[in-house]
J.: 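Here's a structure for you.
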Amino acid sequence: MLRRTFCHLPGVGPHTETRLWEAGISTWDDLPKAPVGVMPPAKLERLRAGIAASEAQLARGEVHPFVQGLASQHHWRVFPTLRSAVAYLDIETTGLGSPGDIITTIAVYDGQQVLHFVNDQNLNEFPKVIEKYEMLVTYNGKCFDVPFIERFFDIRLEQVHLDLRYILRQLGLGGGLKGCEKALGMDRHDVAGLDGFHAVLLWHEWAKHGWQRSLDTLLAYNVADTINLEALMVYAYNHLLCETPFAAVETVPNGVAPDNPFQADPATVARLLSSAW
DNA sequence: TTGATTGTTCACGGCGATTC
DNA sequence: GAATCGCCGTGAACAATCAA
C-alpha cells in the first residue's frame with residue numbers, strides 16, 4: 001500500500017489522491033503515464049519530484065521520513081512493509097502514571113516469539129531488545145505505554161508507532177482493548193474478565209507474598225494482550241483497505257497466534273473476579 | 001482521575017482555472 | 001494581464017476517549 005500512497009507529499013490531500021487513483025494512477029510506477037488534465041502541470045511536476053524522493057528513501061530502507069509526511073490516520077499503510085519488524089507491545093504498571101508508579105511487566109510479541117520482562121528480574125534488558133524493532137503496535141500506547149516507558153527508562157522510542165485505539169475507532173470499534181476483542185469475538189481464554197486493575201493486584205500479591213501463581217497469571221494476562229494485538233492489527237488493515245480501491249490485491253493474511261507461554265491460575269482468577277474484590 | 005492524542009469541524013489562505 | 005471564483009490543503013480549537 002506504501003507505493004500506492006500519494007498524500008504524504010505536501011499539497012496532496014485525500015481528495016487529490018483519490019482523483020489520481022480514479023485516473024488509473026494506482027502506484028508510483030503509473031505516474032509517468034498520468035493523463036493530461038488530471039492535475040495542473042506544475043503540480044504534477046512537483047508530485048513526480050516528490051515520488052522520486054520517496055523512491056530513493058525507500059530504496060535506502062528509510063520509512064521514517066515517509067511516515068512523518070503522512071497524516072496519522074494513514075500510518076496503517078506501512079504495516080505490510082514493516083510487518084517482519086513489528087513489536088506488539090503492552091505494559092503493566094502499578095498505576096496510571098502518578099509519581100511513584102512503576103512498570104511491573106512488559107510483554108512483546110513480534111509475530112514469531114513472545115518476550116516478557118519482569119521488574120526486579122530482567123526488565124532492564126527491555127530497552128536493548130526493543131531497539132531492534134522498527135515498528136510498535138499498541139492499544140492506547142501513544143497516551144499510556146510509550147510515554148510511561150520513556151519516562152521509566154529515560155529513553156526515546158523512535159520506532160514507527162501504530163496505536164490501534166484510533167484506528168479501530170475509525171472502524172466503529174471502541175470500549176477499550178477488551179471491548180474491541182469482544183466485538184470481534186476474540187477469546188481471552190483463561191484471563192477473560194481480568195483488567196488492568198487486577199494486574200496491579202496480582203503484582204502486589206507477587207511482591208508481598210512471592211506467589212508464583214500470581215506472577216504467572218499477571219504474565220498470562222499481559223501476554224494475551226500482545227498476542228491479540230496482531231489479530232486486531234490485521235483486521236484493521238484489511239478493513240481500512242476496503243476504503244481504497246485496492247482491497248482485492250493488498251489484503252494481508254492473519255498471523256498464526258502462538259500458545260501463551262504462561263497459564264493463569266484458575267483459582268486466582270476466580271478469586272480476583274469474585275465479589276470480594 | 002489525569003493527561004495525551006486523535007478526529008471533527010470550521011475558517012483561512014494558496015493556487016490554478018476561467019472570464020473579460 | 002487583472003480580477004474573480006472555487007477547490008483543496010492546512011492549522012487551530014474543541015470534545016471524546018482510554019490506559020493501570
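Quick note on labels: first sequence line is chain A, next is B, and so on, each numbered from 1. Quick caveat: nothing in here was measured; it's all calculated off a predicted structure.
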J.: Using a 4.0 Å heavy-atom cut-off across all strands, classify A:N222 as base, sugar-phosphate, or nothing.
T.: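 No contact at all - A:N222 keeps every heavy atom at 4.0 Å or more from the nucleic acid.
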J.: Using whole Å, report how far OH of A:Y166 lies from P of C:dA19.
T.: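 About 10 Å, once rounded to whole Å.
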J.: Are OP1 or OP2 of C:dC7 and a side-chain N or O of A:H15 less than 4.0 angstrom apart?
T.: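 For C:dC7, neither OP1 nor OP2 has a side-chain N or O of A:H15 closer than 4.0 Å.
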J.: If we count only N and O atoms by modelled type, under 3.5 Å, do the side chains of A:Y139 and A:D90 hold a donor and an acceptor together?
T.: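 Checked: A:Y139/A:D90 side chains show no N/O donor-acceptor pair below 3.5 Å.
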J.: Report the relative orientation of the aromatic rings in A:H8 and A:F66; use parallel for angles under 30°, tilted for 30 to 60°, perpendicular for over 60°.
T.: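 A:H8 and A:F66: tilted rings.
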J.: Please verify the inter-ring angle class for A:W206 with A:W203; under 30° counts as parallel, over 60° as perpendicular, anything in between as tilted.
T.: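 A:W206 vs A:W203 ring planes: tilted.
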J.: Is the phosphate of B:dG7, meaning OP1 or OP2, less than 4.0 Å from a side-chain N or O of A:Q73?
T.: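 Indeed, a polar side-chain atom of A:Q73 lies that close.
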J.: Checking all strands, does A:G97 fall into the base, sugar-phosphate, or nothing category for heavy-atom contacts under 4.0 angstrom?
T.: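 A:G97: no heavy atom of the nucleic acid under 4.0 Å.
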J.: Protein-nucleotides 10-15 of chain C N/O pairs closer than 3.5 Å?
T.:
residue : atom : partner : partner atom : Å
C:dT10  : OP1  : A:G11   : N            : 3.3

J.: Between C:dA20, C:dG9, B:dG7, which nucleotide gets closest to the side-chain atoms of A:P14?
T.: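 The closest nucleotide is C:dG9.
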J.: Going by number, which of residues 139-147 of chain A have a non-hydrogen atom under 4.0 Å from DNA chain B?
T.: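 Here the set is A:K142, A:C143.
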J.: Does A:E205 pair with A:R213 as a salt bridge, N-O distance under 4.0 Å?
T.: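 Looking at A:R213 together with A:E205, the answer is no, because their closest N to O distance does not fall below 4.0 Å.
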J.: Do the side chain of A:N122 and the main chain of A:V118 share a donor and acceptor less than 3.5 angstrom apart?
T.: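 A pair under 3.5 Å: yes.
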J.: Specify whether A:Y237 and A:W76 have parallel, tilted or perpendicular ring planes, treating 30° as the upper limit for parallel and 60° as the lower limit for perpendicular.
T.: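 Ring orientation, 0 to 90° scale: perpendicular.
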J.: If you compare every side-chain N and O of A:R169 against the phosphate oxygens of B:dT5 (OP1, OP2), does one of them come in below 4.0 Å?
T.: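 For A:R169, the contact criterion (side-chain N or O under 4.0 Å from OP1 or OP2 of B:dT5) is not met.
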J.: Can A:E125 and A:K128 be said to form a salt bridge (charged side-chain N to carboxylate O under 4.0 Å, His left out), step by step?
T.: CA-CA 6 Å; A:E125 296 169 15; A:K128 196 72 189 167; over 6 Å; no
J.: Using a 4.0 Å heavy-atom cut-off, does A:T16 contact any base of the nucleic acid, only the sugar-phosphate backbone, or nothing at all?
T.: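 Since only primed, P, OP1 and OP2 atoms lie under 4.0 Å of A:T16, the category is sugar-phosphate.
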J.: My validator wants the stems of DNA chain B: runs of 3 or more consecutive Watson-Crick or G-U pairs, both distances under 3.5 Å, written as range with range.
T.: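 Looking at DNA chain B, the stems formed by three or more consecutive pairs are B:2-20 with C:1-19.
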J.: In whole angstrom, what separates A:E45's CD from B:dC15's P?
T.: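 So the CD-P distance, A:E45 to B:dC15, works out to 17 Å.
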J.: Rounding to a whole Å, what distance do you find between A:L177:CG and C:dA19:C1'?
T.: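 Rounding to the nearest Å, CG of A:L177 and C1' of C:dA19 are 10 Å apart.
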J.: Give a yes or no on whether a salt bridge exists between A:K142 and A:E150, defined as a side-chain N under 4.0 angstrom from a carboxylate O.
T.: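 Salt bridge flag = no for A:E150 with A:K142.
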J.: If we ignore angles and hydrogens, is there a donor and acceptor under 3.5 Å between the side chains of A:H116 and A:T105?
T.: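 On atom types as modelled, these side chains do not qualify, holding no pair under 3.5 Å.
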J.: Nearest to the side chain of A:Q170 - C:dA20, C:dG9, B:dG7?
T.: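 That would be B:dG7.
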J.: Side chain of A:R46, heavy atoms from C-beta onward: which of C:dC18, B:dG16, C:dC8 has the nearest atom to it?
T.: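 Taking heavy atoms from C-beta onward, the closest nucleotide is B:dG16.
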J.: Identify whether the distance between the nearest side-chain nitrogen and carboxylate oxygen of A:E22 and A:R19 falls below 4.0 Å.
T.: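 Result for this pair is no, no salt bridge flagged.
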J.: Report the nucleotide, chosen from C:dC18, B:dT6, C:dA20, that has the shortest atom-to-atom distance to any side-chain atom of A:S72.
T.: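 Side chain of A:S72 sits closest to B:dT6.
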J.: Considering only NZ, NE, NH1 and NH2 on the basic side and carboxylate oxygens on the acidic side, decide whether A:E250 and A:R4 come within less than 4.0 Å.
T.: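 Salt bridge flag = yes for A:R4 with A:E250.
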J.: Where do A:K178 and A:D195 land on the salt bridge (charged side-chain N to carboxylate O under 4.0 Å, His left out) test, with the steps shown first?
T.: CA-CA 8 Å; A:K178 280 72 180 177; A:D195 63 20; over 6 Å; no
J.: Using the closest heavy atom to pick a nucleotide of DNA chain B for each, name whichever of A:D163 or A:L96 lands nearer the 5' end.
T.: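 It is A:L96 whose nearest nucleotide is closer to the 5' end.
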